[in-house]
Amino acid sequence: MSKAVDPASNKAKTPPTEAKTNSAEDVSKLKADRLKKLAQLKELGINPYPYKFERSHKAAQLHELYKDLEKGSENSDEVVVCGRIMNSRNNWLFTDIHDDSGKIQLFCHKDSLPEDKFNLLKLLDKGDYVGARGTMKRTPAGELSVRIKDIEILSKSLLPLPDSWEGFNDVEARYRHRYVDMITNPEVRETFKKRSLTIRHMRNFLDDNGFFEVETPTLQVEAGGADARPFVTHHNALDIDLYLRIATELHLKRMIIGGMERVYEIGRIFRNEGISTRHNPEFTMLEMYCAYGDYNELMDFTEKMLRYIAEKVLGKAEFEYQGKTISFAKPFRRLRMADGIKEVTGLDVNTLKTIEEARAAAQSLGVPLDKEDSRGHIINAIFEAKVEHTLIEPTFLMDHPVEISPLTKVHRVNQGEVERFELFVYGRELANGYSELSDPQDQRSRLEEQAKKKAAGNEEAMPLDLDFIMAMEYGMPPTMGIGIGIDRLVMLLTDSASIRDVIAFPTMRPVKA
RNA sequence: GCGCCUGUAGCUCAGCCGGUAGAGCACUCGGCUUUUAACCGAUUGGUCGUGCGUUCGAGUCGCACCGGGCGCACCA
């Protein structure tokens with residue numbers, strides 16, 4: 001065996017200790033069985049939790065290297081593998097271990113194993129980590145195996161894993177004990193690998209396009225840049241309340257003003273809103289800003305980036321989501337909000353000149369209104385009620401009402417509109433981008449309008465950030481900027497129905513004792 | 001926050017009109033050994049989410065509470 005797996009290294013470094021049995025009554029029998037084996041291992045002078053192991057191959061490498069090994073044949077190539085025991089048959093004769101590349105079968109025959117190692121098998125359980133050395137063999141049944149000559153325990157598992165056939169389906173338990181979910185359901189690990197790849201390739205794409213990744217404050221005196229209620233926390237030394245950020249927008253624009261022409265941040269955002277299959281209180285968003293571009297260029301750029309990411313992560317730009325085919329390969333549809341409403345409802349919002357007319361139109365369409373307090377908010381409510389869910393294929397929904405977009409440049413042609421788009425896929429908002437407002441006087445009056453609403457009790461309205469306005473007064477270049485919900489993108493790429501399936505540890509109410 | 005559904009063994013689930021808690025897998029033991037959910041036999045395993053109530057008797061009926069899922073609302 002290699003140096004790292006020399007049996008000597010497996011001797012207990014600390015004196016064997018007896019398993020604690022004083023609380024045995026409240027331990028399940030299954031755990032008690034394992035604690036007994038743990039104690040026996042220690043009595044044999046074996047450290048059940050050794051320090052290091054060096055393998056020669058991962059499971060997938062072996063399957064690739066020996067794919068031509070014929071049924072029933074063996075060779076003398078020696079390999080060293082390690083992983084978690086997930087299944088065994090015939091009294092450990094056939095034992096599957098899993099590593100992060102896949103599974104490999106250990107063939108544990110007494111003729112190949114020293115007696116002490118053969119006896120060690122009896123002290124193993126499903127869930128234990130082991131390392132093993134042996135030669136390659138393919139069983140008559142066709143299963144590539146390692147005929148092991150040596151085996152050692154790398155970690156003793158004390159708790160039983162869920163049944164391998166029925167699986168682990170209890171949704172609450174899967175979220176609360178995600179590690180068990182990941183051990184038992186391999187597709188969960190695949191989802192989080194794809195999440196990682198999504199972020200990696202997003203970074204690569206942006207970096208290759210001359211962007212700098214920057215970091216802006218999570219703790220803020222005023223939480224601005226989006227319509228959302230923030231979390232409040234307290235800094236003791238300063239003795240002030242601070243808010244967790246609800247967007248990175250206002251600081252990233254300050255960096256544009258500071259002269260960094262292309263910046264982005266992939267960061268955690270916190271919004272004190274409801275929880276649903278599409279909302280988690282903390283989520284991850286890309287925000288990206290680029291000087292000298294407008295929203296038309298930004299739509300082209302966004303399409304290219306999403307296409308690139310899908311191709312890198314999935315190997316293709318067209319995929320199934322919840323039974324629908326979604327294509328990032330074809331050019332995305334571009335639809336003006338007014339046209340979308342007209343298409344679905346027949347209503348021409350341009351004929352709505354006042355808030356009263358807008359309210360009447362919404363009522364006649366059966367769109368319930370709550371606190372919408374402007375013509376633009378009502379038009380947006382009509383859109384959300386009637387049109388949004390119809391946008392399955394990727395669609396840039398463009399040219400929103402000015403009232404709902406306080407950080408966006410007014411449309412260069414159409415009065416009452418702004419140069420903004422939201423990207424909808426499967427009826428859900430995935431991204432939100434615009435020609436960034438750069439006129440400090442316009443910005444001041446728009447934020448003053450927001451501040452008035454906030455003072456009137458609208459908790460989602462933006463605060464008046466005077467430093468942000470001052471920054472803009474120094475001069476901000478024409479800029480395009482976008483926010484993309486990473487979690488929702490990963491949902492699409494992994495065909496996940498709930499955002500909790502792409503967040504490893506979603507927010508849960510604690511269980512009371 | 002509202003509505004519907006849901007919580008029984010380590011896992012997956014039965015449990016009818018209220019009558020002493022069940023199965024499969026896993027575990028343990030014995031048998032048998034080249035399997036593909038191995039097989040055969042035996043054993044073991046439960047504060048039925050929590051509490052209160054109705055009842056001679058509650059997993060089952062009622063109320064409250066604690067979690068969770070989905071939908072709505074909020075929002076991205």
Side-chain angles (χ1 to χ4, degrees), chain A residues 26-34 36-37 71-72 74 86-96 103 105-111 122 125-127 137-145 147 157-177 180-181 183-185 225-230 246-247 269-287 368 370-371 380-381 384-385 388 422-425 428-432 458-460 483-489 491 497-501 506 508-513:
Chain A
D26 56 24
V27 164
S28 78
K29 180 183 176 297
L30 297 170
K31 185 172 176 182
D33 287 342
R34 289 164 180 242
K36 207 183 287 174
K37 292 178 186 173
K71 277 185 191 178
E74 305 193 26
M86 292 302 288
N87 198 3
S88 83
R89 295 165 294 281
N90 285 29
N91 283 334
W92 298 100
L93 184 59
F94 304 102
T95 298
D96 296 334
K103 95 173 181 191
Q105 178 169 279
L106 304 183
F107 181 76
C108 311
H109 199 277
K110 57 175 178 268
D111 291 347
K122 288 202 276 282
D125 285 290
K126 286 168 197 174
K137 157 192 177 70
R138 191 178 293 280
T139 64
E143 187 68 33
L144 186 67
S145 310
R147 174 193 283 277
S157 165
L158 300 181
L159 294 173
L161 290 169
D163 182 271
S164 57
W165 178 247
E166 296 293 349
F168 185 48
N169 301 330
D170 183 286
V171 175
E172 177 177 359
R174 290 179 48 211
Y175 293 152
R176 287 195 192 279
H177 307 289
V180 180
D181 191 24
I183 293 166
T184 311
N185 300 318
D227 299 334
R229 295 163 67 184
I246 57 172
I269 301 296
F270 306 86
R271 295 189 184 174
N272 207 337
E273 309 278 2
I275 294 178
S276 78
T277 49
R278 293 170 289 282
H279 303 85
N280 196 63
E282 53 178 311
F283 62 102
T284 305
M285 189 156 72
L286 162 75
E287 284 200 44
D370 181 18
K371 61 191 176 194
N380 188 52
E384 287 181 357
E388 187 177 278
E422 288 174 289
L423 175 59
F424 286 93
V425 181
R428 296 174 190 162
E429 185 183 347
L430 178 64
N432 181 18
N458 183 340
E459 288 182 85
E460 285 96 41
I484 298 179
I486 303 282
D487 312 272
R488 289 186 177 176
L489 177 57
M491 284 170 71
S498 170
I499 198 169
R500 287 178 218 100
D501 294 326
M508 301 283 278
R509 196 185 287 275
V511 183
K512 287 180 184 165

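Residue numbers begin at 1 in each chain, while the letters A, B, ... track the order of the sequences. It should be emphasised that the depicted structure is a prediction, and the values quoted were computed from it without experimental measurement.
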Legend entry - Donor-acceptor contact present, side-chain A:Ser157 to main-chain A:Leu159, <3.5 Å: yes

Inset, instruction - Go through B:U28, B:G69, B:A26 for me and flag the one nearest to the A:Asp33 side chain. - result: B:U28

Inset, instruction - Select one nucleotide: of B:U34, B:A26, B:A76, the one nearest the side-chain heavy atoms of A:Arg147. - result: B:U34

Inset, instruction - From the options A:Asn432, A:Ile484, A:Leu430, select the one residue that forms a side chain to side chain contact (heavy atoms under 4.5 Å, CB included) with A:Leu423. - result: A:Leu430

Inset, instruction - Have a look at A:Glu422 and say if it touches a base, only the backbone sugar-phosphate, or nothing, with a 4.0 Å heavy-atom cut-off. - result: nothing

Legend entry - A:Arg89 side chain, from C-beta outward: closest of B:U35, B:C13, B:C70: B:U35

Legend entry - Gap between atom OG of A:Ser276 and atom CD1 of A:Ile499 - 0.5 Å precision: 7.5 Å

Inset, instruction - Using a heavy-atom cut-off of under 4.0 Å over every strand shown, decide if A:Phe107 touches base, sugar-phosphate, or nothing. - result: base

Inset, instruction - Could you please name the partner base of B:C4, counting Watson-Crick and G-U wobble pairs only when both distances are under 3.5 Å? - result: B:G69

Legend entry - Short side-chain to backbone donor-acceptor contact, A:Asn185 and A:Phe168, under 3.5 Å: yes

Inset, instruction - Name the nucleic acid region contacted by A:Gly167, choosing base, sugar-phosphate or nothing; use a 4.0 angstrom heavy-atom cut-off, strictly under. - result: sugar-phosphate

Legend entry - Nearest-angstrom distance from the residue atom CG of A:Leu30 to P of B:C25: 15 Å

Inset, instruction - Output yes when at least one side-chain N/O atom of A:Lys126 is less than 4.0 Å from OP1 or OP2 of B:C27, else no. - result: yes

Legend entry - A:Lys110 NZ - B:U34 C1' separation (whole Å): 13 Å

Inset, instruction - Please state whether the base of B:U34 and the side chain of A:Ser145 form at least one donor-acceptor pair under 3.5 Å? - result: no

Inset, instruction - Output the single nucleotide from B:A76, B:U28, B:G69 whose closest atom is nearest the side chain of A:Lys29. - result: B:U28

Inset, instruction - Would you classify A:Ala228 as touching base, sugar-phosphate or nothing, given that sugar-phosphate means primed atoms plus P, OP1 and OP2, and contacts are heavy atoms under 4.0 Å? - result: nothing

Inset, instruction - Indicate whether OP1 or OP2 belonging to B:A76 is found under 4.0 Å from a side-chain N or O atom of A:Arg488. - result: no

Inset, instruction - Determine, step by step, whether A:Asp170 and A:Tyr175 satisfy the side chain to side chain donor-acceptor pair (under 3.5 Å) criterion, reporting the C-alpha distance in whole Å, the side-chain angles of both residues, the deciding distance to 0.1 Å, and the verdict. - result: CA-CA 9 Å; A:Asp170 183 286; A:Tyr175 293 152; over 6 Å; no

Legend entry - Atom pair NZ (A:Lys137) and NE2 (A:His109), whose distance is rounded to the nearest 0.5 Å: 8.5 Å

Inset, instruction - Remember a base hit wins even if backbone is also touched, and classify A:Met285 as base, sugar-phosphate or nothing at under 4.0 Å, heavy atoms. - result: nothing

Legend entry - Distance below 4.0 Å between A:Thr277 side-chain N/O and B:G71 OP1 or OP2: yes

Inset, instruction - Taking only the side-chain heavy atoms of A:Pro160 (C-beta and beyond), determine which of B:G10, B:A38, B:A76 contains the nearest atom. - result: B:G10

Inset, instruction - Would you indicate, yes or no, if B:C70 has its OP1 or OP2 atom less than 4.0 angstrom from a side-chain nitrogen or oxygen of A:Arg500? - result: yes

Inset, instruction - Answer with base, sugar-phosphate or nothing: what part of the nucleic acid does A:Asp96 contact at a heavy-atom distance below 4.0 Å? - result: nothing

Legend entry - P spacing across the pair B:G19 / B:G71, given as an integer number of angstrom: 37 Å

Inset, instruction - Among B:G24, B:U36, B:U33, find the nucleotide with the atom closest to the side chain of A:Thr139. - result: B:U36

Legend entry - Separation of atom CG in A:Leu161 from atom P in B:A26, rounded to whole Å: 14 Å

Legend entry - Integer-rounded Å distance: B:U6 P and A:Arg174 CZ: 20 Å

Inset, instruction - Could you give the distance separating B:G18 and B:G45 at their P atoms, to the nearest angstrom? - result: 30 Å

Legend entry - Rounded distance in Å between the C1' positions of B:C25 and B:C39: 15 Å

Inset, instruction - Quote, to the nearest angstrom, the C1' distance that separates B:A38 from B:U33. - result: 10 Å

Inset, instruction - Answer yes or no: is there a side-chain heavy-atom contact under 4.5 Å between A:Arg229 and A:Glu460? - result: yes

Inset, instruction - Would you indicate which nucleotide in B:U33, B:U12, B:C25 comes nearest to any side-chain atom of A:Glu166? - result: B:U12

Inset, instruction - Find the distance between CD (A:Glu166) and OG1 (A:Thr184) and round it off to the nearest 0.5 Å. - result: 13.0 Å

Inset, instruction - Record whether the side chain of A:Asn91 comes under 3.5 Å of the base of B:U33 through a donor-acceptor pair of N or O atoms. - result: yes

Legend entry - Watson-Crick or G-U wobble mate for B:A64, both contacts under 3.5 Å: B:U50

Inset, instruction - Taking atom C1' in both B:C65 and B:U12, compute the distance separating them and give it to the nearest angstrom. - result: 28 Å

Inset, instruction - Measure from the side-chain heavy atoms of A:Ile499 and tell me the nearest of B:C25, B:A38, B:A76. - result: B:A76

Legend entry - Whole-Å distance separating the CG atom of A:Asp125 from the P atom of B:C25: 19 Å

Inset, instruction - Determine the Euclidean distance between corresponding P atoms of B:A9 and B:U50; express it in Å to zero decimal places. - result: 10 Å

Legend entry - Distance below 4.0 Å between A:Arg34 side-chain N/O and B:C27 OP1 or OP2: no

Legend entry - Expected output: side-chain A:Arg488 to main-chain A:Glu429 donor-acceptor under 3.5 Å: yes

Legend entry - Under-4.0 Å side-chain N/O to phosphate OP1/OP2 contact, A:Lys37 with B:U28: yes

Inset, instruction - Determine the contact category for A:Asp227: base if any of its heavy atoms lies under 4.0 Å from a base atom, sugar-phosphate if only primed atoms, P, OP1 or OP2 are that close, otherwise nothing. - result: sugar-phosphate

Legend entry - B:C17 glycosidic torsion: syn (within 90° of 0) vs anti: syn

Inset, instruction - From the options B:G69, B:U34, B:U35, select the nucleotide whose nearest atom is closest to the side chain of A:Lys137. - result: B:U34

Legend entry - Side-chain donor/acceptor of A:Glu143 to base of B:U34, under 3.5 Å: no

Legend entry - Rounded interatomic separation in angstrom, taking CD from A:Glu460 and P from B:C74: 9 Å

Inset, instruction - For B:G46 versus B:C5, give the span between their C1' atoms, rounded off to a whole number of Å. - result: 25 Å

Legend entry - Candidate nucleotides B:A76, B:U34, B:C70, ranked by approach to the side chain of A:Ser498 - the nearest: B:C70

Legend entry - Integer-rounded Å distance: B:C72 P and A:Glu384 CD: 13 Å

Inset, instruction - May I ask you to say what A:Gly485 touches in the nucleic acid, namely base, sugar-phosphate or nothing, with a heavy-atom cut-off under 4.0 Å? - result: nothing

Legend entry - Pairwise P distance for B:C13 and B:U28, with rounding to whole Å: 24 Å

Inset, instruction - Under 4.0 Å between any heavy atoms, over every strand shown, what does A:Phe168 touch: base, sugar-phosphate, or nothing? Just pick one. - result: sugar-phosphate

Inset, instruction - Could I get the full list of salt bridge (Lys or Arg N to Asp or Glu O under 4.0 Å) partners for A:Arg278, not counting sequence neighbours? - result: none

Inset, instruction - Ignoring backbone atoms, test whether A:Arg278 places a side-chain nitrogen or oxygen under 4.0 Å from the OP1 or OP2 oxygen of B:C74. - result: no

